[in-house]
Amino acid sequence: MTKKQKTKKIIKIMNDKFGNPECALNFTTPFELLVAVILSAQCTDKRVNIVTEEMYKHVNTPEAFAAMPVEEIERHIKSTGFYRNKAKNIKAASMEIVEKYNGEVPQGMDELTALAGVGRKTANVVRGEVWRLASGITVDTHVKRLTNLIGLVKGDNPIIIERELMEIVPQDHWIDFSHYLILQGRDVCVARRPRCTECELNELCNYGRKIMRNLSKK
DNA sequence: CTCCCGATAT
DNA sequence: ATATCAGGAG
C-alpha cells in the first residue's frame with residue numbers, strides 16, 4: 001500500500017471517530033487564538049485555556065497587550081512555562097499588529113511568521129482555524145510523533161515533515177489531518193506508552209503492527 | 001545546537 | 001525522579 005493510500009484510510013477512520021474536529025484552544029477573536037497558540041508551546045492546551053479564560057477578562061486586544069508592562073503579562077501566563085519569552089513575544093507581536101496592521105491579525109503566512117514568537121506551526125493553526133486557509137500542514141509534537149511511528153515520514157525536522165506530508169495528504173484534508181493526529185495522539189497514541197492494542201490505526205501503523213505481532217507471539 | 005520553564009502523569 | 005506538553009528564537 002502506498003503512503004497516499006494509507007493516508008486516505010487513516011483520514012476515513014479518524015473522520016468516523018472524531019467527525020469534524022474543533023480547535024481545542026478557546027478563543028473568540030483571531031487575536032485571542034494567536035495568543036493562545038503562542039502560549040501552547042510545550043504546554044497542554046488544557047492549561048492554556050485555564051490561563052486565557054482568566055486573562056482575557058482583563059486583556060484581549062493587541063492594543064491592550066501592547067500597552068501592558070511585560071511583567072504584568074508574565075504574571076498572567078506564568079503557569080504555561082517559558083513565560084518570559086512568551087510575554088515578551090506577545091507584547092512585541094501586539095505592537096507590530098497595532099502599528100503595521102491597524103490592530104488586525106494579518107492573514108498571510110509571511111506576515112504571520114514575521115511576528116515575534118510566531119513560527120509555521122502557529123501560523124498554520126491560526127490560518128486554518130480562522131480563515132480555513134491551508135497553505136501548509138500543522139506539524140506539532142503529536143503530528144511529528146505519529147507520522148514517524150506510522151511510517152509516513154522519517155526524521156525530526158518539522159519543516160521537512162511538513163513538506164513530505166504535503167506530498168502525501170490530499171490538500172482538502174490538510175487542516176483535518178493534523179487535528180485527527182493531535183486528537184489521537186492525546187487520547188490513544190500517547191508519547192510515553194502508545195496504547196496500540198486499542199488504537200484504530202494499529203494495522204496501518206508500522207509501530208502498531210510490530211507491537212501487535214509481538215503480543216500475538218505470546 | 002542550546003535555551004527558554006511551569007504543571008502534570010507515570 | 002523524569003518525560004512530556006498543539007514551539008520558536010538566537
Side-chain angles (χ1 to χ4, degrees), chain A residues 14 18 20-27 30-55 70-71 73-97 105 109-130 132-134 136-149 153 155-163 165 169 173-196 207:
Chain A
M14 291 290 94
F18 294 116
N20 284 327
E22 290 184 6
C23 186
L25 298 166
N26 299 332
F27 64 97
F31 180 76
E32 282 192 3
L33 178 62
L34 178 69
V35 172
V37 183
I38 290 173
L39 292 177
S40 73
Q42 298 294 292
C43 178
T44 59
D45 46 10
K46 186 176 163 189
R47 169 60 49 188
V48 173
N49 286 334
I50 292 171
V51 166
T52 54
E53 182 180 5
E54 172 60 25
M55 180 168 67
V70 270
E71 295 78 13
I73 303 177
E74 287 178 2
R75 255 177 272 134
H76 278 293
I77 69 170
K78 188 168 174 91
S79 69
T80 67
F82 299 160
Y83 63 93
R84 279 190 283 260
N85 282 336
K86 287 175 181 174
K88 181 158 42 112
N89 289 335
I90 289 167
K91 184 175 171 76
S94 296
M95 292 175 72
E96 186 169 348
I97 290 170
V105 177
M109 178 63 75
D110 293 340
E111 288 81 358
L112 281 167
T113 53
L115 296 171
V118 180
R120 278 198 70 86
K121 179 257 173 179
T122 300
N124 275 327
V125 171
V126 172
R127 283 163 55 77
E129 284 299 321
V130 176
R132 310 308 290 177
L133 295 169
I137 296 177
T138 300
V139 177
D140 71 332
T141 182
H142 295 297
V143 173
K144 183 165 72 177
R145 184 178 71 257
L146 269 66
T147 53
N148 270 285
L149 288 174
V153 303
D156 209 35
N157 185 323
I159 302 293
I160 296 176
I161 292 173
E162 181 179 359
R163 195 168 61 226
L165 288 177
V169 180
H173 288 289
W174 281 4
I175 298 174
D176 284 352
F177 181 75
S178 296
H179 257 132
Y180 290 145
L181 294 193
I182 288 161
L183 291 169
Q184 190 73 2
R186 276 200 329 203
D187 170 43
V188 179
C189 187
V190 294
R192 291 240 190 185
R193 196 176 186 288
R195 297 204 295 271
C196 299
Y207 183 77

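Chain A is the first sequence line, chain B the second, and so forth, proteins listed ahead of strands; every chain is numbered from 1.
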Open item on the list: At under 4.0 Å between heavy atoms, how does the protein contact nucleotides 5-10 of chain B? Give one character per nucleotide, 5' to 3', with B, S or -.
Closed with: BBSSBB
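Atom-to-atom distance recorded for A:Ile38:CD1 and A:Lys86:NZ is 10.0 Å, nearest 0.5 angstrom. A distance of 9.5 Å separates CD1 in A:Ile137 from CG in A:Leu181, rounded to the nearest 0.5 Å.
Checking A:Thr113 against A:Lys121 by side-chain atom types alone, no donor-acceptor pair falls below 3.5 Å. Side-chain contact of A:His179 with A:Glu129: a donor-acceptor pair under 3.5 Å is present, judged by distance alone.
Put simply, the side chain of A:Asn26 never gets that close to the backbone of A:Thr52: no donor and acceptor are under 3.5 Å apart. Judged by distance alone, with hydrogens and angles left aside, the side-chain atoms of A:Thr80 form a donor-acceptor pair with the main-chain N or O of A:Ile77 at under 3.5 Å.
Rounded to a whole angstrom, the distance from the C1' atom of C:dT4 to that of B:dC5 is 13 Å. Between B:dA7 and C:dG8, the two P atoms lie 22 Å apart (nearest whole Å). For B:dC4 and C:dA1, the P atoms lie 23 Å apart once the distance is rounded to whole Å.
In the set C:dC5, C:dA6, C:dG7, the nucleotide with an atom closest to the side chain of A:Ala191 is C:dC5.
Distance A:Ile161 CD1 to C:dG7 C1': 13 Å, rounded to the nearest Å. Atom pair A:Ile38:CD1 and C:dA9:C1' shows a separation of 13 Å (rounding to whole Å applied).
If you check every strand for non-hydrogen atoms under 4.0 Å, A:Arg193 touches nothing.
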